[in-house]
Amino acid sequence: MKPFTLLIKPTSSDCNLNCKHCFYIDKKFLYPQTNCHKMPEIILEKMISSYMATEQPQYIFGWQGGEPTLLGIDFFRKALSLAEKYGKRGAVAGNTLQTNGKLLNDEFAQLFFKYNFLIGVSLDGPKEIHDHYRKTVDGRGSHADALKGIECLKRNNVEFNILTLVTSANVTKAKEIYHYLCDNGFLFHQYIPCVEFDTQANLKPFAISGRQWGNFLCEIFDEWLKKDTKKVSVRLFDSILTYMINGTYNVCNMQSNCCSYFIVEHNGDIYPCDFFVEENRKLGNIMNNSWDELMNSEKYLSFGKQKLLWNDACAICPYIKFCAGDCLKHRLFENNNPKKLSWLCEGWKQFYAHALPALKELAITIKKEMGPAQEVSK
């Protein structure tokens, strides 16, 4: 069986914030039976036991939401005990968790440290930027809560990175955001473009254009290149360097097939991608279907193959090896047509033209420092 990871939504879209730009918030309409969604223990055990029974080089559990910490620490203690119970001798399991930081405390952080969790904390910049969209349910800004959670992680030596959503509110403030994160000692960055459309395929007010994305990335890159290439980790730049150095992809949007993980909803429903948690794309349920069935289902395979059904212009694009046509979310927004150019195509081309020459030189330097010379992928 091809290796795969699990992205788990144990609270579905339930959250203690009310972020207007959240792409997952509308998923509550898939499960209207209750206003409170919590993965039952029987689902949790079935998911973990069946996954640990497959052959994987490493068992990866990605806990997301909504806000997964709403379930409380005992839920995660149970999940970890089940992984230990069902794991084969010598099996290696890894956990990541994405959070807004509001509910983090020392008890949570100590558990995360003990089990080597990697925590992603959403932080969109300094207070006035972050609080523009990331508000509590009663309308207050959440910046102070995020910083409090981060300090808790630091105090307990938990590894974390910062996930910054690039929206219409901060897309013109790349330098300010970058230096704010660095000045606060946050040296692991991930920048995510906010691209959301309404039912008529019109861009929502908080989303960004391709040109805005390109400008943002180029500004981030220039600041990083000045003096931070060995100090600050920017996931996009790291991923490009990884490909240049050893020819492998470590992020899904650069790959040529989208069959690399499954979304597990709170009730065990399985979907191919968290951007496509839709009734017509549901693959099955963990209580009724084996991972082998799900992996080999025609619906899943067909979904993954769409990545290569790119626009004719992609076939002659010099940057196709770095994006594979880009994430399907940015291509299927109108009439579900995978041959449509990515909404962000203009920006990606701008960034690659600007950054690849310097990144190639960096890759050559890194290879020399690593040991015997090896050709760097262009």
Side-chain angles (χ1 to χ4, degrees), residues 1-14 23-34 36-66 68 71 75-76 78-79 82-83 85-88 91 93-98 252-253 255-309 327-329 331-332 336 338:
M1 177 184 291
K2 178 184 175 182
F4 64 96
T5 61
L6 300 183
L7 296 185
I8 307 154
K9 305 282 188 174
T11 61
S12 191
S13 62
D14 295 357
F23 79 92
Y24 211 75
I25 196 169
D26 289 339
K27 305 309 175 185
K28 61 187 176 184
F29 298 118
L30 285 173
Y31 303 103
Q33 301 87 348
T34 177
C36 181
H37 304 92
K38 177 179 180 180
M39 180 174 281
E41 189 172 314
I42 189 173
I43 301 292
L44 179 68
E45 183 162 8
K46 179 65 174 180
M47 175 186 70
I48 292 175
S49 63
S50 60
Y51 183 46
M52 300 301 288
T54 66
E55 294 295 330
Q56 304 289 331
Q58 186 175 11
Y59 299 84
I60 303 295
F61 299 90
W63 306 96
Q64 300 184 349
L71 291 175
F75 175 87
F76 292 97
K78 183 63 178 180
L82 288 170
K85 175 181 178 180
Y86 290 106
K88 306 180 187 74
N95 289 273
T96 66
L97 184 140
Q98 175 61 31
C252 63
N253 65 296
Q255 296 173 4
S256 60
N257 189 292
C258 292
C259 294
S260 59
Y261 64 89
F262 292 105
I263 296 298
V264 186
E265 254 289 344
H266 74 288
N267 66 344
D269 284 348
I270 307 296
Y271 299 87
C273 173
D274 56 343
F275 294 137
F276 293 95
V277 174
E278 303 162 355
E279 183 60 37
N280 65 329
R281 297 189 189 274
K282 185 168 72 175
L283 304 174
N285 187 284
I286 193 57
M287 300 302 290
N288 304 318
N289 305 100
S290 69
W291 294 115
D292 188 64
E293 285 180 283
L294 295 162
M295 178 67 72
N296 292 291
S297 69
E298 182 57 36
K299 184 179 286 190
Y300 186 57
L301 295 174
S302 296
F303 176 82
K305 290 175 182 177
Q306 290 181 97
K307 194 75 187 306
L308 282 177
L309 301 177
C327 176
L328 285 174
K329 177 187 180 184
R331 291 161 53 184
L332 298 179
N336 286 313

Worksheet, complete the sentence: Closest non-hydrogen contact found for Pro338 with Leu332 is N-CD2, 3.3 Å

Fill in: Non-hydrogen atoms of Ala93 and Gln58 that approach each other most closely
C-NE2, 4.4 Å

Worksheet entry | Any donor-acceptor N/O pair, Tyr59 side chain to Thr54 backbone, under 3.5 Å | yes

Worksheet item: How long is the gap from CD1 on Ile286 to CD1 on Ile43, to the nearest 0.5 Å?
Response: 8.5 Å

Worksheet item: Looking just at side-chain N and O atoms, do Glu298 and Ser302 make a donor-acceptor pair shorter than 3.5 Å?
Response: yes

Discussion item. Distance check, rounded to the nearest 0.5 Å: Leu6 atom CG versus Ser50 atom OG?
Written reply: 8.0 Å

Discussion item. Checking the side chain of Ser12 only, and the main-chain atoms of Asp14 only, is there a donor and an acceptor separated by less than 3.5 Å?
Written reply: no

Worksheet item: Quick one: are Glu55 and Lys88 in side-chain contact, heavy atoms under 4.5 Å?
Response: yes

Worksheet entry | Pairwise side-chain contact, Lys9 with Val264, heavy-atom cut-off 4.5 Å (strictly under) | no

Just list the side-chain donor-acceptor pairs under 3.5 Å for residues 272-282, sequence neighbours left out, or say none.
residue : atom : partner : partner atom : Å
Glu278  : OE1  : Arg281  : NE           : 3.0
Arg281  : NH2  : Asn336  : OD1          : 3.3

Worksheet item: If you measure from the Lys or Arg side-chain nitrogens to the Asp or Glu carboxylate oxygens, is any gap between Glu265 and Lys27 under 4.0 Å?
Response: no

Worksheet entry | Cys259 side chain near Lys2 side chain, heavy-atom distance below 4.5 Å | yes

Worksheet entry | Close side-chain approach of Trp63 to Asn95, heavy-atom, < 4.5 Å | yes

Practice prompt. Carefully, step by step, assess Leu44 and Leu82 under the rule side-chain contact (heavy atoms from CB on, under 4.5 Å).
Written response: CA-CA 9 Å; Leu44 179 68; Leu82 288 170; 3.9 Å; yes

Practice prompt. Could you tell me whether a side-chain N or O of Glu45 sits under 3.5 Å from a main-chain N or O of Ile42, the two making a donor and an acceptor?
Written response: no

Practice prompt. Would you please test Asn267 and Met39 for side-chain contact (heavy atoms from CB on, under 4.5 Å) and show each step?
Written response: CA-CA 6 Å; Asn267 66 344; Met39 180 174 281; over 6 Å; no

Worksheet item: What distance do Leu71 atom CG and His266 atom NE2 have between them, rounded to the nearest 0.5 Å?
Response: 10.5 Å

Worksheet item: For the side chain of Gln64 and the backbone of Leu7, is there at least one donor-acceptor N/O pair under 3.5 Å apart?
Response: no

Response to the item:
Nearest heavy-atom contact between Glu41 and Lys78 is OE2-CE, 3.2 Å

Discussion item. Using a 3.5 Å distance criterion without hydrogens, assess whether the side chain of His37 forms a donor-acceptor pair with backbone atoms of Tyr31.
Written reply: yes

Worksheet item: Would you call the rings of Trp291 and Tyr51 parallel, tilted or perpendicular, where under 30° means parallel and over 60° means perpendicular?
Response: perpendicular

Discussion item. Nearest 0.5 angstrom please: Lys28 NZ to Thr34 OG1, how far?
Written reply: 12.5 Å

Discussion item. To the closest 0.5 Å, what do you measure between OG (Ser13) and CD1 (Ile25)?
Written reply: 7.0 Å

Discussion item. Regarding Asn285 and Asn289, do their side chains bring together a donor and an acceptor under 3.5 Å, going by distance alone?
Written reply: no

Worksheet item: Which atom names give the shortest non-hydrogen contact between Phe75 and Pro10, and what distance separates them?
Response: CZ-CB, 3.8 Å

Item to complete: Might you work through the side-chain contact (heavy atoms from CB on, under 4.5 Å) test for Leu294 and Tyr300, ending with a clear yes or no?
Response: CA-CA 7 Å; Leu294 295 162; Tyr300 186 57; over 6 Å; no

Worksheet item: Which atoms form the tightest heavy-atom contact between Lys307 and Gln255, and what is the distance?
Response: NZ-O, 2.5 Å

Discussion item. As a quick check of understanding, evaluate ring-ring contact (aromatic ring centres under 6.0 Å, His included) for Phe262 and Tyr271, giving each step before the final call.
Written reply: CA-CA 6 Å; Phe262 292 105; Tyr271 299 87; over 10 Å; no

Worksheet, complete the sentence: Here the pair of heavy atoms bringing Gly65 nearest to Thr11 is CA-OG1, 4.3 Å

Worksheet entry | Derivation of the side-chain contact (heavy atoms from CB on, under 4.5 Å) call for Ser260 and Phe4 | CA-CA 5 Å; Ser260 59; Phe4 64 96; over 6 Å; no

